[in-house]
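Read the structure below first, then the notes.
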Amino acid sequence: MNFSELKDFLDEKADIYNHLDFIQDDPIQIPHRFSLKQDVEIAGFLAATISWGNRKSIIKSAEKILDIMGNSPYDFVMNYSEKDLDYIKDKSIHRTFNGEDFAYFIKQFHEIYKEHESLENLFLIYENETNFYHSIERFRQKFLGVEKHRTHKHVSSPYKNSSSKRIIMFLRWMIREDNRGVDFGIWKNINQKFLSIPLDVHTGNMSRKLGLISRTQNDWKTVEELDLVIRKFDGHDPAKYDFALFGLGVTKELF
């Protein structure tokens, strides 16, 4: 396919998969259970953080997290007791994200929301920045704190050449707005043109099969390589192609 044909093909697939039906089998269903902005942010960030492995397993683990928080994430974060944290620390949550990690996240959320109304403030794009490379690192430093903790591994760093897939996915959820009802678009101070594709096994393999990228690793350099192409397809809404690439990867339509 030439450039025009490939763009038309991906536009068509993005249109098909960017649909409310997408929500029912995807971790994005977790924050969709809430309407309060802070609830959406906290539930979304936690669901994105544990998004590796089988999607049904991810959703089940996320539901366990919500249950522990009384299905009121923001209220729990702002009003938890030390007894609550002690209870959580002994819990099994999702794979290597354990109760100790969850308790650490809750404490860090509490500190952030004492200062800020929204997590958006920690992800703002600065002048002359073209993606979230520096933004994610600023968030990491603020959210994780200076003291080294085992939980730091659950918030990946583009500075270490990680694709930061789960954070990029969370950012798509919060920022991207197209009135389809899948992504939330509740962060109004960050332009969606800066979004990238969350690079995982599905989007990475499909991008290579279609000749969008040449690098073999799913790392930050590959994220930026893919950016160059998808932003030519749609400079205003490049992340919509996540639906196309992920959908094609999951359905194995081209294999």
Side-chain angles (χ1 to χ4, degrees), residues 26-123 135-160 162-171 173-174 184 186 198 200:
D26 192 81
I28 200 174
Q29 69 161 264
I30 298 300
H32 266 289
R33 301 178 188 190
F34 302 96
S35 56
L36 181 70
K37 184 177 186 178
Q38 292 83 358
D39 282 338
V40 172
E41 290 178 349
I42 294 168
F45 190 81
L46 288 167
T49 296
I50 63 169
S51 286
W52 77 95
N54 179 277
R55 285 197 290 171
K56 287 184 179 179
S57 174
I58 294 165
I59 292 166
K60 185 176 180 181
S61 297
E63 288 175 333
K64 182 193 304 183
I65 286 174
L66 294 184
D67 187 56
I68 291 171
M69 303 177 90
N71 288 292
S72 297
Y74 183 59
D75 181 65
F76 187 88
V77 160
M78 300 312 293
N79 298 294
Y80 69 84
S81 67
E82 288 303 316
K83 186 177 180 181
D84 291 328
L85 294 189
D86 288 339
Y87 169 78
I88 289 169
K89 286 176 182 176
D90 292 330
K91 288 286 183 180
S92 171
I93 304 296
H94 183 78
R95 296 194 170 191
T96 61
F97 187 84
N98 62 21
E100 184 181 349
D101 299 319
F102 184 22
Y104 187 85
F105 267 42
I106 289 167
K107 289 191 291 185
Q108 300 310 104
F109 276 131
H110 181 85
E111 293 304 312
I112 294 300
Y113 282 111
K114 282 198 303 183
E115 288 185 49
H116 302 278
E117 179 192 349
S118 169
L119 293 182
E120 179 180 15
N121 297 340
L122 279 66
F123 283 103
S135 166
I136 292 172
E137 200 63 32
R138 288 191 293 267
F139 166 78
R140 290 185 81 255
Q141 292 174 10
K142 186 72 175 177
F143 180 71
L144 295 173
V146 294
E147 185 178 340
K148 193 67 177 174
H149 190 274
R150 58 158 277 126
T151 307
H152 286 212
K153 69 182 180 181
H154 292 298
V155 185
S156 53
S157 168
Y159 279 17
K160 297 178 181 177
S162 168
S163 69
S164 299
K165 170 247 175 179
R166 287 168 285 172
I167 301 179
I168 292 293
M169 181 175 69
F170 169 71
L171 291 170
W173 294 354
M174 296 299 108
F184 291 90
I186 56 175
D200 63 10

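- Side-chain contact, S81 with D84: a donor N or O sits under 3.5 Å from an acceptor N or O.
- Using a 4.5 Å heavy-atom threshold, the side chains of D200 and R166 count as separate.
- When ring centroids are compared, F105 and F143 come within the 6.0 Å threshold.
- The shortest distance between side-chain heavy atoms of Y104 and E100 does not fall below 4.5 Å.
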Carefully, step by step, assess S156 and S164 under the rule side chain to side chain contact (heavy atoms under 4.5 Å, CB included). CA-CA 5 Å; S156 53; S164 299; 3.5 Å; yes

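- In summary, the side chains of Y87 and K83 do not present any donor paired with an acceptor at a separation below 3.5 Å, with no hydrogens or angles considered.
- Exactly one residue among E115, E111, E137 makes a salt bridge (charged side-chain N to carboxylate O under 4.0 Å, His left out) with K142. That residue is E115.
- Applying the 6.0 Å contact sphere to NZ of K153 captures more than 12 heavy atoms from other residues, nucleotides or ligands.
- Taking CD1 of I30 as the reference point, atom CD1 of I65 lies at 8.5 Å (rounded to 0.5 Å).
- Considering all non-hydrogen atoms of both residues, G44 and W173 come closest at O-CZ3, 3.3 Å.
- At a threshold of 4.5 Å between non-hydrogen side-chain atoms, the residues I50 and R95 do not count as touching.
- The backbone N or O of K107 lies less than 3.5 Å from no partner atom in the side chain of Y80, so there is not a single donor-acceptor pair.
- To the nearest 0.5 Å, atoms CZ (F102) and OG (S92) are separated by 12.5 Å.
- Side-chain atoms of H94 come within 3.5 Å of backbone N or O of W52 as a donor-acceptor pair.
- Ring centroids of F170 and F139 are separated by 6.0 Å or more, keeping the two rings apart.
- Smallest separation of non-hydrogen atoms from K165 and S51: NZ-O, 2.9 Å.
- Here the side chains of L66 and P73 are in contact, with some heavy-atom distance below 4.5 Å.
- Shortest non-hydrogen contact noted between V40 and M174 is CG1-CE, 3.8 Å.
- For the pair R33/E63, a side-chain contact is recorded, criterion being any heavy-atom separation below 4.5 Å from C-beta on.
- When atom types are taken as modelled, the side chain of H154 and the backbone of T96 share a donor-acceptor pair closer than 3.5 angstrom.
- Scanning all heavy atoms of the two residues, the minimum distance from H116 to L122 falls at CD2-CD1, 3.6 Å.
- In this structure the side chain of M69 reaches within 4.5 angstrom of the side chain of I42, judged on heavy atoms.
- A heavy-atom distance below 4.5 Å is found between the side chains of Y113 and L119.
- Distance CD/E41 to OH/Y74: 9.5 Å, rounded to 0.5 Å.
- Among all heavy-atom pairs drawn from M78 and H110, the shortest one is O-CE1, 3.4 Å.
- Closest approach of Q38 to E117, counting heavy atoms only: NE2-O, 3.0 Å.
- One finds the CG atom of D26 at 6.5 Å from the CD1 atom of I59 (value rounded to the nearest 0.5 Å).
- Considering CD of E82 and NZ of K89, their distance stands at 6.5 Å, rounded to 0.5 Å.
- Rounded to the nearest 0.5 angstrom, D101 CG and I93 CD1 are separated by 9.0 Å.
- In this structure, the side chains of I167 and F123 come closer than 4.5 Å at one or more pairs of heavy atoms.
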